[in-house]
Number of protein chains: 4
Amino acid sequence: MPRVSDEYLLERQEQVLDAAIRCFAEGGFHATGMADVIRESGLSAGSVYRYYKSKDELIAAIITRLLGQLHGRLTQASAGATTPAEVIGGALGAASQTFDNTQINYARLLPQVWTEALRNPDIARQVQGSYGQIIEHLCGLAAQMQAGGTLDPQLDPRGVAHVMLSAVQGFMLQKLMLAQDIDSATYAAAASQMFAVAAQDV
Amino acid sequence: MPRVSDEYLLERQEQVLDAAIRCFAEGGFHATGMADVIRESGLSAGSVYRYYKSKDELIAAIITRLLGQLHGRLTQASAGATTPAEVIGGALGAASQTFDNTQINYARLLPQVWTEALRNPDIARQVQGSYGQIIEHLCGLAAQMQAGGTLDPQLDPRGVAHVMLSAVQGFMLQKLMLAQDIDSATYAAAASQMFAVAAQDV
Amino acid sequence: MPRVSDEYLLERQEQVLDAAIRCFAEGGFHATGMADVIRESGLSAGSVYRYYKSKDELIAAIITRLLGQLHGRLTQASAGATTPAEVIGGALGAASQTFDNTQINYARLLPQVWTEALRNPDIARQVQGSYGQIIEHLCGLAAQMQAGGTLDPQLDPRGVAHVMLSAVQGFMLQKLMLAQDIDSATYAAAASQMFAVAAQDV
Amino acid sequence: MPRVSDEYLLERQEQVLDAAIRCFAEGGFHATGMADVIRESGLSAGSVYRYYKSKDELIAAIITRLLGQLHGRLTQASAGATTPAEVIGGALGAASQTFDNTQINYARLLPQVWTEALRNPDIARQVQGSYGQIIEHLCGLAAQMQAGGTLDPQLDPRGVAHVMLSAVQGFMLQKLMLAQDIDSATYAAAASQMFAVAAQDV
DNA sequence: CATGAATGAGGGTTCATTCAT
DNA sequence: GATGAATGAACCCTCATTCAT
């Protein structure tokens, strides 16, 4: 089956990656065997290994994609926001989308990424890069809001950025851990309001 | 009718648990082998398995201890607080302690616990229980603060509790992932202030 | 009714064989993968397999060529010899040539052939045939020399042939194993002299 | 089955080594799988790997033993020899023993060792060491014989040593390759006589 | 009770070969 | 006739766990 288009090859690679994401989101990086991924992909062992040289490389690719999506959605969702409430609302909305995929619950990969980052320097670097960019983005927004009078100018913009990120991370984590106990709307409302008033005393 | 005292047995059990925590915090649940734990404990394989029937049981025991400590410290640290700033400040202070142990960085176990909870129903239940109690506790505090006029009474106390927990979880997570980039004091200051003003307009 | 000329096909076949020899002499039959041979040949997997049905067949072809060269050079080099010293000298000279190819060190294939002959009956037969012919040739020379008075007539000509072959095989082997320690000229001198005097007492 | 004697452990290790030698002598290093060795050893995979960390380590151990035996037998067999014929006779006798083991034909490992030495620097070093010692030993004997008047003093002792080694190596190789065609006694007789006369003209 | 040698299913990965294009 | 993506059996090795001593 030679002389196939680059497009074809990329599709095949996606096919493997998607299968792997489905498996890993379901069972975790370590409890899931390559045999599972291979079966799910519908390809043979050899083919899977043609596209990803090792399980680690496959995991790294998944993490790259996940962090890329996360960063993209988060920055996009809060891009034009002019008040803390809008930032938080947008970011939580984006975060919620992660759970909406009926095929794959991407969010389930997140704690695994954090765990992996603790052991794997390459992944640690990726995570640092992604979160670093997000922090920078939020930092910029905070500064703009302070300039625009919607955020207390005495707050450290960097500190604000970290706390905002916490609101998102905590939301996803608690949604994963306490599924039935946390209501997205309630959480978003509380978070938005709490951050919203942060400039009232200016 | 044991030949040795119960005290002796409990000490041995602690010895194993401590060794396991050290290993798992360092290398992760999956990358760490029982051989590592056995070596670190100074006991024999048979002995380790006398106290913990399986690796999973050992992990479960560690998680129980970790969640217990977390819950204890968090509720204790925020017990008498009467303002959001005090709650957050106390909780973050307690969270910071987790990193202070020069021997073991307990915090490194946290993402692993979250990851494990996604696959292991027993652990999921444990985590739900612990975080549920924490949420209840924070809920109670929120209600008290609303009654005391230090928190906007229009906010949903449960929502506030979740957001407060997020502040703690996000802090620990970001400290783990972005070590050099996050300053505990700056974060605490920003968080405290942001939550503090939440009743200003009342 | 091929579209391409037989000549073309033979050239392609040579191309594959040469690439394989280069690879196998370098890395050994087993450590070298077909992928290496395919890459080195500049052809595709399908093409390589068009000319040689399997790795084993390729190896067999290489061995056939190698043994043919060996037999040819050895018999030719000692063809007109009338004294033991001439035989040995000629044979060692021919053997030395094997090392002289700057591209490929054919000699490195020799121990591999011996090893392969132990497992593969087809190759064993080839090796027996080649060495058998060489022995016959040396036998004939020995008989001639005995008749000519340059070799002790009491010696068994077949025994003499085997010992002479040993001188060559040992030379090549030791040159491969002890590269820096063995000097071709010294070895040849010693061997020639030792065999040379074998008729002195007649 | 703990608290076993060191002796017991060594016996087990021997058990694995012997099984491996039997397998490798039969089928070759590469065609023989660890599964074969494991089956032959009568132990489990885990146990085999307790005693030898990898297939390579097992092969290295076998080669060490083989070269040790070879060196030991060869030097011992020719230790007190005072004439070339005695040296050759002794060495060939020792070499013949290698074939006599009804359980394992150690000689079949020899070409494999040579082959392996071409690719594996560690083994190359071992082989160089062993053969180097043998050469030194034969060198010493040659010098003694020259002093004693049983070997032409004009011969280079080192060259003589190499040629003598060739006689042994060639004998073993030809016995392996041409089994039915070579008679140990005939070969030994021819070799002994040819070398024996090497001092006649002194 | 403690010991640690033994277990063996299962892990990730490779590679000679094929055949649809 | 050439291509090279696909195949899958087989490879070497690990590791949680057990049980004879």
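Convention: sequence-line order gives letters A, B, ...; per-chain numbering from 1. All of these numbers come straight from a predicted model, not from anything done at the bench.
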Donor-acceptor pairs are to be reported for all side-chain atoms of residues 19-34 of chain A against protein atoms at under 3.5 Å, with residues two or more places apart or in another chain.
from	atom 1	to	atom 2	distance (Å)
A:R22	NH1	A:E40	OE2	2.4
A:T32	OG1	A:C23	O	3.4
A:T32	OG1	A:G28	O	2.7

Dot-bracket line, read 5' to 3' along DNA chain E, where crossing pairs take [ ] and | marks a partner on another strand, Watson-Crick or G-U under 3.5 Å: .||||||||||||||||||||

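For the segment residues 46-61 of chain D, the set of residues with a heavy atom within less than 4.0 Å of an atom of DNA chain F comprises D:G46, D:Y49, D:S54, D:K55, in numerical order. Residues of residues 19-31 of chain C having a heavy atom closer than 4.0 Å to DNA chain E: none are found.
The stretch residues 103-117 of chain D participates, sequence neighbours left out, in these salt bridge (charged side-chain N to carboxylate O under 4.0 Å, His left out) pairs: D:E116-D:R119. Applying the ring pair (Phe, Tyr, Trp, His ring centres under 6.0 Å) test to residues at least two apart or on different chains, none of the pairs has a partner in residues 40-66 of chain A.
B:E11 meets the side chain to side chain contact (heavy atoms under 4.5 Å, CB included) test with B:E7; sequence neighbours excluded. Residues satisfying the side chain to side chain contact (heavy atoms under 4.5 Å, CB included) test with D:T64, not counting sequence neighbours, are D:Q126. Partners of C:Q15 by side-chain hydrogen bond (donor to acceptor under 3.5 Å, both in side chains), not counting sequence neighbours, listed by chain and number: C:R12. With sequence neighbours excluded, the residues forming a salt bridge (Lys or Arg N to Asp or Glu O under 4.0 Å) with C:D122 are C:R125, listed by chain and number. Legend: residues meeting side chain to side chain contact (heavy atoms under 4.5 Å, CB included) with C:E14, ordered by chain and number and at least two apart, are C:L17, C:R65. Applying the side chain to side chain contact (heavy atoms under 4.5 Å, CB included) criterion to B:L10, with sequence neighbours excluded, gives B:Q13.
Side chains of B:I59 and B:I123 form a contact here, defined as non-hydrogen atoms less than 4.5 Å apart. Here the side chains of D:I38 and D:L43 are not in contact, with every heavy-atom distance at 4.5 Å or above.
If you take CD of D:E11 and C1' of E:dA6, they are 16 Å apart, rounded to a whole angstrom. Summarising the geometry, the separation between CD1 on C:I38 and C1' on E:dT18 is reported as 12 Å, rounded to the nearest angstrom. Here E:dA5 presents its C1' atom at 14 Å from CG of D:L10, a figure rounded to the nearest Å. Between the C1' atom of E:dT7 and the CZ atom of D:R12 lies a distance of 14 Å, rounded to the nearest Å. Atom P of nucleotide F:dA16 and atom CZ of B:R39 are separated by 12 Å, given to the nearest angstrom. Distance CE (B:M34) to C1' (E:dT7): 16 Å, rounded to an integer number of Å.
Residue D:A45 has its side chain nearest to E:dG8 when only E:dG8, F:dC12, E:dA16 are considered.
When heavy atoms are screened at a 4.0 angstrom cut-off, A:T32 is found touching the sugar-phosphate backbone but no base atom.
Mapping C:G33 and D:L43 onto DNA chain E by nearest heavy atom places D:L43 at the nucleotide closer to the 5' end.
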